[in-house]
J.: 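After the structure tokens below, expect a handful of questions from me.
Throughout, protein chains are lettered first and strands after them, A, B, ... in sequence-line order, and every chain is numbered starting at 1. All values reported here derive from a predicted model rather than from experimental measurement.
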Amino acid sequence: MSNTKQTTLARMQAGQSGVVVQIWGGYGMVNRLSALGIRLGKRITKVSSMVMRGPITIQIDTAQVAIGYGMANKIIVDLDLN
Amino acid sequence: MKILLMGNPNVGKSVIFSRLTGVRVIASNYPGTTVSYTRGFMKLGEEMVEVIDVPGAYTLEPTSQAEEIALQMLNTGDLVINVVDATKLERNIYLTLQLLERDIPLLVALNMWDDTKHRGIHIELDKLRVFFGVPAIPTVALTGEGIKELVENIPKATSPKTPIRSRDERWVAIGSIIDQVQFITHRHHTWSEHLADASVKPLPGGIIAVAVLAGSFMIVRFIGESLINYVFDPLFNTLWAPLLLKLSNLLGGSGFLHDTVIGRIIGGEVNFTESFGLLSSGLYVPFAMVLPYIISFYLVLGLLEDTGYLPRLAVLMDSMMHRLGLHGYAIIPTLLGFGCHVPAIMATRILESRREQFIAATLISIAVPCAALQAMIFGLVGAHGLQYVAMVYGILFVVWVILGIILNRSVRGFSPELLIEIPPYRFPPLRVVLQKLWMRTYGFLVEAIPIILGAILVINILYMLGVFNAIANFTAPVVTGFLGLPKEAVTALVIGFLRKDVALGMLAPLALTAEQLVVGSVVLAMFFPCIATFVMFLRQLGTLNMLKSAGIMLSAALITGGILNLIL
């Protein structure tokens, strides 16, 4: 039995936390995300998502960042177990 | 010597710039307020040095137009003050590390230092200074705390020229710095953080957005109308009108000079909206019709900007804006457009792609009426009943949506996804809000009034020379046959190139029906930008795209006007 559960940021529930383990994107996207502090190994908490595939808002350290749905679908997160 | 203020977006560079140079610049609580650089001067010892407020950058590997400008500026500077948001140290010092690798003297301002205490963040300054190898000064730009020490440390700025690292190596270095200098104590959410989270959730967020926008609209209208009814109208009617009548008698009551200076006397009275003299309509339109709405609009916009609500609105609107070929952040230039199109077109630079910039600028120019035009719509169309004002707004909104959908399908290129930082809610001191309001009001007074007076002068001369009659006869088939307006209404479209408020005012003496005024207002709003916006358009989009955009404007205005003429 695996003791971690992976999902995409887009599929996480609001309030869930986890660690970014993979970003499926080219250099440009990884560059834009890392400029905002979103990179491998970072803990993030999902704050909310908008209806109709709207943007996802996350808490990362002391900042909040809104990410388009498509991009959020390419960010893989190891969910916290509790 | 040239000093550059550089740092992540929304860390307070513009506020520090104002503190250093005394030059007032617009600062707001959202990333990307500064899209172009501002320069000023400060005294350093005996020397006058140049200070430049550089647009915000997260990294020196540009991911946006603002970051490209920032990188270009870096190569022209002699010293960098790196402004850092101390509450987001980890992400902010990525840029610091990149700057330390460069061959340019650096010092660091740890801004928003007061907030670190409220948020339970403890930073060991001495250790941090050792890691940087350059001075690092805690500051609170909003209150001015630490600015003096910052200035005193400018001569101590040095360039350690650390070896160039890769992106991953920098993040590893940052990880070890943060582990050693920053300690965060856990604390509970404050009520403003609860409110912040609720604003980006679909249901509470939607309710908050409707309440904020409806509330803003009502406050703008309430303050604007109150200023008109209780301040400016009484001043003009009881003090200025009798004086003008006396002057009118002195000038003989008619003739070109009289009509240009005083305006035509209508029914033995000076009519401020219809006389069209320099001293009658030329002063009444800017001061008693437009200025009250400029004041009320920018007061409310300033509050929205400074509290940090706008990026949240961007998140809420994102899905809808994607259908128009934009993403949610385009709502910021759009809202600015309800004030003035010049800063709005400039603000389209916060959008990443040329395609988005083109679509956003074109939509703003066509379907977003500026404050001056809105004030006139309220004044003239509103006199026939508020339902007609609502009709104008409704029509422009429908045009905005339909045209956006068409542009989204027809303009080539791609529109990237939303990726923005959402700042915390802040409650700006009244002094800051009023200062910004004054800057914008003053800007209106010095930039708009000369053009308004010039436009009135031109109108009088063109009337006298019979040029307007010639144009009116020439364009009569379109204006009368197609739009259903009297042929003289074309003069308003011509003058619309100078100022839209004066242009709409020209429809006042034509005794139009309410429906005709609706058509006139809509066509005038959509037709063509005023000259100031036109210049900004050319600078931002280039000649070819400006021509394309102008073609869209003209055809959209005529088609919409024609349809309205048929159905109203």
Side-chain angles (χ1 to χ4, degrees), chain A residues 8-17 19-75 77 80 82, chain B residues 8-9 31 57-59 61-64 67 85-92 94-95 115-116 119-121 167-168 170-171 174-175 178 182 184 193 196-206 311-312 314-320 322 327-329 352 416-424:
Chain A
T8 68
L9 172 56
R11 291 214 194 112
M12 277 168 80
Q13 302 293 313
Q16 276 188 321
S17 303
V19 175
V20 178
V21 288
Q22 209 173 349
I23 297 175
W24 290 340
Y27 186 85
M29 179 177 139
V30 173
N31 201 29
R32 278 183 79 199
L33 286 170
S34 83
L36 284 158
I38 302 160
R39 56 201 157 80
L40 303 189
K42 282 303 288 188
R43 277 190 64 79
I44 58 173
T45 304
K46 182 157 168 175
V47 176
S48 68
S49 53
M50 275 298 139
V51 287
M52 288 164 52
R53 304 193 155 211
I56 281 81
T57 305
I58 62 165
Q59 182 81 35
I60 178 160
D61 295 329
T62 48
Q64 286 196 347
V65 176
I67 305 173
Y69 186 90
M71 248 189 249
N73 228 347
K74 294 178 187 153
I75 299 173
V77 179
D80 289 2
N82 42 28
Chain B
N8 283 190
Y58 291 110
T59 162
E61 296 180 296
T63 60
S64 70
E67 284 178 342
D85 178 348
T87 67
K88 294 167 188 157
L89 199 58
E90 177 171 333
R91 198 202 59 213
N92 274 254
Y94 184 80
L95 180 71
D115 263 10
T116 59
R119 291 167 157 261
I121 301 167
R167 188 171 68 199
D168 293 340
R170 283 186 204 115
W171 284 120
I174 289 167
I178 293 296
Q182 181 177 273
I184 298 180
E193 283 164 338
D197 290 356
S199 327
V200 288
K201 291 191 166 119
L203 188 63
R312 293 171 171 88
V315 171
L316 277 160
M317 301 279 291
D318 188 57
S319 294
M320 181 187 170
H322 270 290
H327 65 54
Y329 222 40
E352 294 87 348
E417 284 193 78
L418 183 76
L419 180 63
I420 51 165
E421 186 180 355
I422 301 184

J.: Can you name the closest pair of heavy atoms from A:Leu36 and B:Glu421 and give their distance?
T.: CD2-CB, 4.0 Å
J.: Looking at CD1 of B:Ile178 and CG of A:Asp61, how far apart are the two atoms once the value is rounded to the nearest 0.5 Å?
T.: 8.0 Å
J.: Please report the closest heavy-atom contact between B:Glu417 and A:Tyr69, naming both atoms and the distance.
T.: OE1-N, 3.2 Å
J.: Considering all heavy atoms of both residues, which atom of B:Lys88 and which atom of A:Ala63 are nearest to each other, and what is their separation?
T.: CE-CB, 3.7 Å
J.: Locate the shortest heavy-atom distance separating B:Arg167 from A:Asn31; write the atom from each residue and the value.
T.: NH1-OD1, 3.3 Å
J.: What option among A:Gly28, A:Gly54, A:Gly37, A:Gly70 has the most heavy-atom pairs under 4.5 Å with chain B?
T.: A:Gly70
J.: Just do the side-chain contact (heavy atoms from CB on, under 4.5 Å) check on B:Arg91 and A:Ile60 with the steps written out, would you?
T.: CA-CA 10 Å; B:Arg91 198 202 59 213; A:Ile60 178 160; over 6 Å; no
J.: Is a side-chain N or O of B:Thr63 found less than 3.5 angstrom from the main chain of A:Arg32, in a donor-acceptor match?
T.: no
J.: So which of A:Gly68, A:Ser48, A:Ala66 has the largest heavy-atom pair count under 4.5 angstrom toward chain B?
T.: A:Ala66
J.: Is B:Glu90 salt-bridged to A:Lys42, going by a charged N under 4.0 Å from an acidic O?
T.: yes
J.: What do the steps show when you test A:Arg39 against B:Tyr94 for side-chain contact (heavy atoms from CB on, under 4.5 Å), and what is the final call?
T.: CA-CA 13 Å; A:Arg39 56 201 157 80; B:Tyr94 184 80; over 6 Å; no
J.: So which heavy atom on B:Val200 is nearest to which on A:Met50, and how close?
T.: O-CE, 2.9 Å
J.: Between A:Gln64 and B:Asp197, is any pair of side-chain heavy atoms under 4.5 Å apart?
T.: yes
J.: Report which part of B:Glu352 has an atom under 4.5 Å of a heavy atom belonging to chain A: side chain, backbone, both, or neither.
T.: side chain
J.: Which bit of A:Thr57 is near chain B, if near means a heavy-atom gap under 4.5 Å: side chain, backbone, both or neither?
T.: side chain
J.: Main chain of A:Met52, side chain of B:Ser319: is a donor-acceptor contact present, judged purely on distance under 3.5 Å?
T.: yes
J.: Give the minimum heavy-atom separation between B:Thr59 and A:Ala35, together with the two atoms involved.
T.: CG2-CB, 3.9 Å
J.: Considering residues, nucleotides and ligands other than B:Arg119, do more than 12 of their heavy atoms fall under 6.0 Å from its CZ?
T.: yes
J.: What part of B:Leu316 gets closer than 4.5 Å to chain A, counting heavy atoms only: side chain, backbone, both or neither?
T.: both
J.: For A:Ser34, is it the side chain, the backbone, both or neither that has a heavy atom under 4.5 Å from a heavy atom of chain B?
T.: both
J.: Pick one of side chain, backbone, both or neither for B:Pro416, based on which atoms fall under 4.5 Å of a heavy atom in chain A.
T.: side chain
